[in-house]
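The next block holds one structure in the form of structure tokens; read it before the comments.
It should be emphasised that the depicted structure is a prediction, and the values quoted were computed from it without experimental measurement.
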Amino acid sequence: VRSSLGRIIQPIIFVVLSVGLLLGTVPVLLLALANLLVDQQQWSPHMAQFACGGIALVLAVGGAAIAWRQFKRCASPLHRSLNEMEKNLVTLREMLVGKDTPQHQRQPR
């Protein structure tokens with residue numbers, strides 16, 4: 001277990017650092033694109049920044065919607081497995097304890 005834990009720490013550190021670097025570069029790239037629109041297309045700075053931000057927002061929402069749909073599709077077999085496991089546990093309990101044992105009958109109040 002320790003050797004597995006030791007092998008996984010380095011990739012986790014690289015993933016965390018890469019995600020941090022990625023998150024830091026996105027605003028810089030969006031501002032650079034906005035400045036390019038200002039210089040090349042003679043847009044106003046505010047309009048160029050708004051357009052770049054809006055396009056990025058639409059792309060992010062679209063990507064999140066696609067990811068959510070994929071996640072739900074991937075999670076469906078897990079949900080079925082959970083339902084099957086619950087049914088199996090009920091059946092196993094009935095086999096081991098019995099349906100009509102005094103423990104499971106309702107006691108009058």
Side-chain angles (χ1 to χ4, degrees):
V1 173
R2 282 189 179 193
S3 64
S4 297
L5 185 62
R7 286 190 305 234
I8 201 166
I9 291 197
Q10 186 177 9
I12 288 175
I13 290 171
F14 282 131
V15 166
V16 169
L17 291 175
S18 297
V19 168
L21 185 62
L22 177 67
L23 289 175
T25 59
V26 169
V28 173
L29 292 174
L30 288 174
L31 286 173
L33 180 60
N35 286 333
L36 184 67
L37 288 173
V38 169
D39 292 340
Q40 298 294 320
Q41 302 296 321
Q42 311 306 320
W43 286 23
S44 72
H46 295 323
M47 193 63 188
Q49 291 174 1
F50 182 75
C52 290
I55 291 170
L57 178 66
V58 168
L59 290 174
V61 169
I66 291 170
W68 182 253
R69 192 174 339 143
Q70 292 288 333
F71 177 74
K72 284 175 45 177
R73 189 178 309 145
C74 292
S76 178
L78 296 175
H79 184 67
R80 283 194 305 265
S81 296
L82 182 61
N83 287 340
E84 288 177 19
M85 186 181 73
E86 288 173 354
K87 289 178 185 177
N88 290 343
L89 288 174
V90 167
T91 302
L92 184 61
R93 184 178 65 217
E94 288 174 355
M95 288 172 48
L96 292 175
V97 177
K99 282 186 178 181
D100 298 327
T101 60
Q103 297 173 351
H104 287 75
Q105 291 177 352
R106 293 194 96 179
Q107 300 291 331
R109 292 183 180 194

Partners passing ring pair (Phe, Tyr, Trp, His ring centres under 6.0 Å) against F14 (at least two apart in sequence or in another chain):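 Result, ring pair (Phe, Tyr, Trp, His ring centres under 6.0 Å) vs F14: none returned.
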W43 to A51 - nearest heavy-atom pair and separation: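 Scanning both residues completely, I find the closest heavy atoms to be CZ3-CB, 3.6 Å.
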Heavy-atom pair of closest approach, residues V38 and P45: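 Residues V38 and P45, closest heavy atoms: CG2-CA, 3.5 Å.
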Nearest 0.5 angstrom please: [X] [atom1] to [Y] [atom2], how far?
X: N83; Y: K87; atom1: CG; atom2: NZ; answer: 6.5 Å
X: M47; Y: C52; atom1: CE; atom2: SG; answer: 10.5 Å
X: Q42; Y: L37; atom1: CD; atom2: CG; answer: 11.0 Å
X: L92; Y: L96; atom1: CG; atom2: CG; answer: 4.5 Å

Within 6.0 Å of CD in Q10, more than 12 heavy atoms from elsewhere: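 No, not enclosed.
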Please table the atom pairs, donor to acceptor, closer than 3.5 Å between any side-chain atom in residues 27-34 and protein atoms at least two apart or in another chain.
none

Same apolar cluster (I L V M F W Y, side chains within < 4.5 Å links), V90/L82: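 Different clusters: V90 never reaches L82 through Ile, Leu, Val, Met, Phe, Trp or Tyr contacts under 4.5 Å.
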Common cluster, V16/I8, ILVMFWY with side-chain heavy-atom separation under 4.5 Å: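 They do share one cluster, since a chain of ILVMFWY contacts under 4.5 Å joins V16 to I8.
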